[in-house]
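Please see the structure below; I have some questions.
Position 1 is the first residue of the sequence; numbering continues from there.
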Amino acid sequence: MATIKMRPDFLIQKRVANDNRLAASCAYEHKMKGIAQSTQWYEARNKYAFSDGERRSHAFVKQEMDCANAELKLRRRTRLRMLYENETRAYEDELAQLGLAVQREHL
């Protein structure tokens, strides 16, 4: 019967090769996890960059509308005051033509 001759370090070499393959696999896994984290961060950044810009834009528009509203109120108040003053003068002129006057100070 023929016996098969094995190298004395065959099992050791097989174990070393297997360990090297596992080490390479672990290194690849670690590298892929790093890439996945970077990709996840980048995608989240791009996704929320639009909403951040939109939020800033919305806040800016709201601020502009508040300022415009305040200015509009001021202008309306001024125009209304001018209208009242003109109507008061016109009424006093009509009374003056009739020989009447408005008493302003009450003592």
**Message:** For Y42, give me all partners under side chain to side chain donor-acceptor pair (under 3.5 Å), at least two apart in sequence or on another chain.
**Reply:** N46

**Message:** Applying salt bridge (Lys or Arg N to Asp or Glu O under 4.0 Å), can you list everything that pairs with E64, at least two apart in sequence or on another chain?
**Reply:**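 Result, salt bridge (Lys or Arg N to Asp or Glu O under 4.0 Å) vs E64: none returned.
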
**Prompt:** Quick one: salt bridge (Lys or Arg N to Asp or Glu O under 4.0 Å) partners of R75, sequence neighbours excluded?
**Reply:**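 Salt bridge (Lys or Arg N to Asp or Glu O under 4.0 Å) list for R75, sorted by chain: E71.
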
**Message:** Clusters formed by hydrophobic residues whose side-chain heavy atoms approach within less than 4.5 Å: which one holds M82, and what are its other members?
**Reply:**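 Same cluster as M82: nobody, lone residue.
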
**Request:** Report the distance from atom CZ of R79 to atom CG of N86, rounding to the nearest 0.5 Å.
**Result:**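 Interatomic distance, R79 CZ to N86 CG, rounded to 0.5 Å: 12.0 Å.
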
**Prompt:** Counting N and O atoms only, with roles assigned by atom type, does the side chain of E54 sit under 3.5 Å from a partner on the main chain of R56, one being a donor and the other an acceptor?
**Reply:** no

**Residues in side-chain contact (heavy atoms from CB on, under 4.5 Å) contact with M32, at least two apart in sequence or another chain** =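 Y28, I35.
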
**Message:** Run the side chain to side chain donor-acceptor pair (under 3.5 Å) test against D66 and tell me which residues pass, sequence neighbours left out.
**Reply:** K62

**Prompt:** Should the heavy atoms of other residues, nucleotides or ligands under 6.0 Å from CD of Q40 be counted, would the total exceed 12?
**Reply:** no

**Asked** If you measure from CG on L98 to CG on D93, what distance do you get to the nearest 0.5 Å?
**Response** 11.0 Å

**Complete:** Hits for side-chain contact (heavy atoms from CB on, under 4.5 Å) against R77, two or more places apart or cross-chain, chain-then-number order -> K73, L74

**Message:** Holding to side-chain contact (heavy atoms from CB on, under 4.5 Å), I want the full list of residues that pass it with E94, two or more places apart in sequence or in another chain.
**Reply:** none

**Request:** Please list, chain by chain and in numerical order, all residues satisfying side-chain contact (heavy atoms from CB on, under 4.5 Å) with S38, sequence neighbours excluded.
**Result:** none

Enumerate donor-acceptor pairs with a distance under 3.5 Å from any side-chain N or O in residues 4-17 to protein atoms, sequence neighbours excluded.
unit_1, atom_1, unit_2, atom_2, d
R15, NE, D19, OD1, 3.3
R15, NE, D19, OD2, 3.4

**Pairing residues for R45 by the side chain to side chain donor-acceptor pair (under 3.5 Å) criterion, not counting sequence neighbours** =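 For R45 there are no side chain to side chain donor-acceptor pair (under 3.5 Å) partners, ignoring immediate neighbours.
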
**Which residues share a side chain to side chain donor-acceptor pair (under 3.5 Å) with Q63, sequence neighbours left out** =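 None.
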
